[in-house]
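The structure appears below as structure tokens.
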Amino acid sequence: VSAVTAENLCVWVYAVTDGEPGASADMIGVGGGPVRVIRAARLTAVAGDVSLAEFGEAPLRRNLEDLDWLAQTARAHHAVIETVAKGCPVVPMRLATVFASDSGVAGLLRDRAEDFRRVLARLRGRSEWGVKAYAARPADPGPAAQAGQAAPASPVDSASPAAPAARGEGAVPGEEGARAGSLGPGAAYLQRRRAQLAANHDARREAVASAQAVHAELGRLAVAARLYPPQAPDLTGQPTPMVLNAAYLVAEERAEEFTAAVTNLTAAHPSVELTLTGPWPAYSFVGESEVSPEGTVR
Amino acid sequence: VTSPGAPGGSGRTYDPAIRGERIALVDLLDRVLAGGVVISGDITLSIAEVDLVTVSLRALVTSVTALTEAPDPAREQSS
């Protein structure tokens, strides 16, 4: 392979390793192109040629705004890193690390060789796990609560014991509402709404406290932790808010203990629902943005 | 290559399967856009000045909003 890249190509870098990436020839990279290696300073960059017309600065900026393009590119980037990470420790590059030529990549390996080696040593035998916590869904309303809802004008929640009697009289809910007395339907609605909001607020506060406890407990099993901002409800598709979005760097011999802890914490904290993802290549533990070496909350 | 009925580029229809893929994508984007080593300076061609997270979250939010744009009366009532 020539060290000079053709004029219409540039070099996308996936990751750096000090091991031997396995079947890089079989991998399909970003933009559908092949994956190859660039070596210098006893380090190996996993890289591939991509089109300047698609990945040069201006087109890249435009393309990043296109979700389909972004999704495809992110998945291709990740697929290569994940494959390499199966065989040896890797330092993943942030998405869209693009060089003009192989010599630029080799220069990076030489200039930052000590940094890469230090990070690789730290990642060896460890992997990243993701844990997210959502506030638990409100409990399924029991039969009494449902009866209460069936009579929209019930003045207060405590009226639900009266609901069977109302049914016994064969009262139509609307008539029941008209006779309800002190509170009209609007006021009763507002009262129920206030109670519901107060309950949501309490549930949220309890969920945040549980999330902090979960994070502290998992941090004790991890070498390092990193907190991401909670994902927006529009993106998670979950009905309740996310209260924890964390990554943990865990020694491989403790991985089983860590995943078991997530299961146990799920049972111990009913106010949150936990989801576990991983193991991931150590995306969250290779840069200066990693927040806390001891796994504590910032 | 597209197959009939496969999620196309338009993103007009709501499909739980598509949504499921997007959820995983959010986790992936957390990592590939906010994690990984950042190489800054003149040696890279691109992107050092671009706030990747902002750029692509904007893409995500815009797209998901488009997906769920169809009015949902039940949701209106409960919120």
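Here is the naming used below: chain letters follow the sequence lines, and residue numbers restart at 1 for every chain.
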| Minimum heavy-atom distance A:Gln231-B:Asp30, with the two atoms named |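 Looking at all heavy atoms of both residues, the closest pair is NE2-OD2, 2.9 Å.
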| What closest approach, in Å, do B:Ala34 and A:Tyr228 show between heavy atoms, and which atom pair accounts for it? | CB-CE2, 3.9 Å
| Is the CD atom of A:Gln72 crowded by more than 12 outside heavy atoms at less than 6.0 Å? | no
| message | Counting neighbours of CZ on A:Arg204 that are heavy atoms of other residues, nucleotides or ligands and sit closer than 6.0 Å, is the number greater than 12? | response | no
| Side-chain contact, heavy-atom cut-off 4.5 Å: B:Arg31 with A:Glu128? |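 Heavy-atom side-chain distance check passes, below 4.5 Å.
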| query | Is there side-chain contact between A:Tyr283 and B:Leu33, with heavy atoms separated by less than 4.5 Å? | reply | no
| task | Please confirm whether the backbone N or O of B:Val37 pairs with a side-chain atom of A:Arg94, one donor and one acceptor, at under 3.5 Å? | result |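 No; judged by distance alone, with no hydrogens or angles, the pair does not exist.
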| query | A:Asp115 versus chain B, heavy atoms under 4.5 Å apart: side chain, backbone, both or neither? | reply |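 Neither; nothing under 4.5 Å.
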Using 0.5 Å steps for rounding, measure from the [atom1] atom of [X] to the [atom2] atom of [Y].
| X | Y | atom1 | atom2 | answer |
| --- | --- | --- | --- | --- |
| B:Leu29 | A:Leu95 | CG | CG | 8.0 Å |
| A:Asn245 | B:Asp27 | CG | CG | 7.0 Å |
| A:Thr277 | B:Leu28 | OG1 | CG | 10.5 Å |

